[in-house]
**Q** 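For reference, the structure I am asking about is given below.
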Number of protein chains: 2
Amino acid sequence: MFTDFLSVRWRKSANGCLLNDMSHTPGVRQAQKQQTRQALLDAGLRLLEHQNLSSLGLREVTRAVGVSPAAFYRHFPDMAGLGVALVGESLGSLHAVIRAVMAETTDSAGIIDRTVAITAEYVARHRPHIRFIARERYGGVQAVREAIAAELQGFADEVAAGLATQPASKGWSPGELRVLAELYVDHMVMTAAAFLDVAPDDTAGLEHLAHAARLRMRIISIGRAHWLDPQP
Amino acid sequence: MFTDFLSVRWRKSANGCLLNDMSHTPGVRQAQKQQTRQALLDAGLRLLEHQNLSSLGLREVTRAVGVSPAAFYRHFPDMAGLGVALVGESLGSLHAVIRAVMAETTDSAGIIDRTVAITAEYVARHRPHIRFIARERYGGVQAVREAIAAELQGFADEVAAGLATQPASKGWSPGELRVLAELYVDHMVMTAAAFLDVAPDDTAGLEHLAHAARLRMRIISIGRAHWLDPQP
DNA sequence: CGTTTCGGATGACAGTTGTTCACTGACTTC
DNA sequence: GAAGTCAGTGAACAACTGTCATCCGAAACG
């Protein structure tokens, strides 16, 4: 009954875009499949707010979704598989954000304020995702660790490319620029993780953390500006 | 039989130091207890190299030690209890190291080199402990997370106190100094975690990481030196 | 010496887990 | 409209988990 209702809903939208991207196996079947796949991901993420991926049970997830344990295998080979999928979901949308921030041409103080503000907002909007990333970055599941590391390296690549175009990078070798980019990325992760430790509605605590984050970025920024000065 | 052999061995050493420190309940009994307690900690740490604390089973640990599952409760109320004990064991000895490094009076470049070298050596010598800290810092067990956070805050306190005595800190407010100290501590943790990702015998990789760590510290150090410069 | 203390062993308890299997029935394709 | 695909089911499997009441025997104590 319920499934029927959903299938009709999905058939309509499938009719709307019949011959768009995927040629064969189009329509209701795949839509329903991706729907329960997404339900598994959502339930997993929710359960992971208070435990580690390595202690999250397969049955626990399927029970939360309301499907049989065996159904899990139609979507992921492992719990590690669900983990890597969650990494993509958590960090995938950040590439565009980073590119946008790096493309802005403002003064140093302005870009620091904006970076911290965007980080705070992103954490506020995707709390469980960020918590998952922080928790599993050095967690017990190798595949997930590697997926996160690859994603963060991608971020560092983009930041390094952005830094290279700035006039303030004159005199920096590519290797040094890469280290600076990684420092910025690690600082962003560190700040995001710190935001997780205060309640989402504790505006005073959040502002305190944001202030500290801006201060740290300013120190790094000043160090970058005086990098070529004669050393004492 | 095996227990008998051990008890005789311990009786001898207990006779050697009969009336030393603890007045009552002295000797063999406590020594044996602390011995298996340590065995539990060691086995736990070894098993935690490839998994998370929240997925580590009580029976798994006792099996590795060779004692019955019920014996675990004589030493820890929980697996979380074993976790907090491991935090103390991992980070306790670092306070002295940090104090020693902060007390040294060398030039900025020298202190950076030494800090990175000491970090690398400490990681090399206590690999499983550091891995445990990195893994559980944002892990799924609240008590352990809090224990780690408390220990790291203690480090930041000591670094802040050390920075306050340096002439380079003129013009810094206590709050700003505290942020700087936390930045140094976080950077140390970040560097230590990075060391874990390369093989212990990969000297080239280790030197590459150490080089990057020195570079990052130099950026921060320069930023600190020019903190009071008029901003452009 | 006898008595008490207590670290550890034993065995059982009720749950839970991951994985596999044949299967059903709605969607897809010809 | 018949044939095929395939997401999801239900049951069963062996293995495992944390916790408990109970007992044992060596160390500690008077």
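First the proteins, then the strands, lettered A, B, ... as listed; each starts at 1.
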**Q** Which pair of heavy atoms, one from A:Leu41 and one from A:Ala85, lies closest together, and at what distance?
**A**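 Distance-wise, the nearest heavy atoms are CD2-CB, 3.8 Å.
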
**Q** Of all residues at least two apart in sequence or in a different chain, which pass the salt bridge (Lys or Arg N to Asp or Glu O under 4.0 Å) check with B:Glu151?
**A** none

**Q** Within residues 59-69 of chain A, find the residues that approach DNA chain D with a heavy atom at under 4.0 Å, and present them sorted by residue number.
**A**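 Residues of residues 59-69 of chain A that come under 4.0 Å of DNA chain D are, in numerical order, A:Arg59, A:Val67, A:Ser68.
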
**Q** Got a sec, which residues hit salt bridge (Lys or Arg N to Asp or Glu O under 4.0 Å) with B:Asp157, two or more places apart in sequence or on another chain?
**A** B:Arg178

**Q** Side chain to side chain contact (heavy atoms under 4.5 Å, CB included) with B:Glu60: which residues, sequence neighbours excluded?
**A**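 With sequence neighbours excluded, B:Glu60 shows a side chain to side chain contact (heavy atoms under 4.5 Å, CB included) to B:Leu47, B:Gln51, B:Leu56, B:Arg63, given in chain and number order.
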
**Q** Apply side-chain hydrogen bond (donor to acceptor under 3.5 Å, both in side chains) to A:Arg114 and list each qualifying residue two or more places apart in sequence or on a separate chain.
**A**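 Expected list: A:Glu104.
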
**Q** Donor-acceptor pairs under 3.5 angstrom involving side-chain atoms of residues 66-74 of chain B: please list them, not counting sequence neighbours.
**A**
unit_1	atom_1	unit_2	atom_2	d
B:Ser68	OG	B:Ala71	N	3.4

**Q** When Watson-Crick pairs (N1 to N3 and N6-O4 or O6-N4) and G-U wobble pairs (N1-O2 and O6-N3) count only below 3.5 Å on both distances, what is the dot-bracket string of DNA chain D, with | for other-strand pairs?
**A** ||||||||||||.||||.||||||||||||

**Q** Can you sort out the partners of A:His95 under ring pair (Phe, Tyr, Trp, His ring centres under 6.0 Å), two or more places apart, ordered by chain and number?
**A** A:Phe155

**Q** List the atom pairs, with distances to 0.1 Å, where a side-chain N or O of residues 187-201 of chain A and a protein N or O form a donor-acceptor pair under 3.5 Å, not counting sequence neighbours.
**A**
unit_1	atom_1	unit_2	atom_2	d
A:His187	NE2	A:Arg216	NE	2.9
A:Thr191	OG1	A:His187	O	2.8
A:Thr191	OG1	A:Arg216	NH2	3.2

**Q** Counting only pairs under 3.5 Å, give me each side-chain donor-acceptor contact of residues 134-148 of chain A, with atom names and distances, residues two or more places apart or in other chains.
**A**
unit_1	atom_1	unit_2	atom_2	d
A:Arg135	NE	B:Tyr138	O	2.8
A:Arg135	NE	B:Gly139	O	3.4
A:Arg135	NH1	A:Leu48	O	3.2
A:Arg135	NH1	A:Glu49	O	2.9
A:Arg135	NH2	B:Gly139	O	3.4
A:Glu136	OE2	A:Leu53	N	2.9
A:Arg137	NH2	A:Asp186	OD1	2.9
A:Arg145	NH1	A:Gly139	O	2.9

**Q** By ring pair (Phe, Tyr, Trp, His ring centres under 6.0 Å), which residues pair with B:His126, not counting sequence neighbours?
**A** B:Tyr122

**Q** Quick one, which residues of residues 41-58 of chain B touch DNA chain C with a heavy atom under 4.0 Å?
**A**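 Contacting residues: none.
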
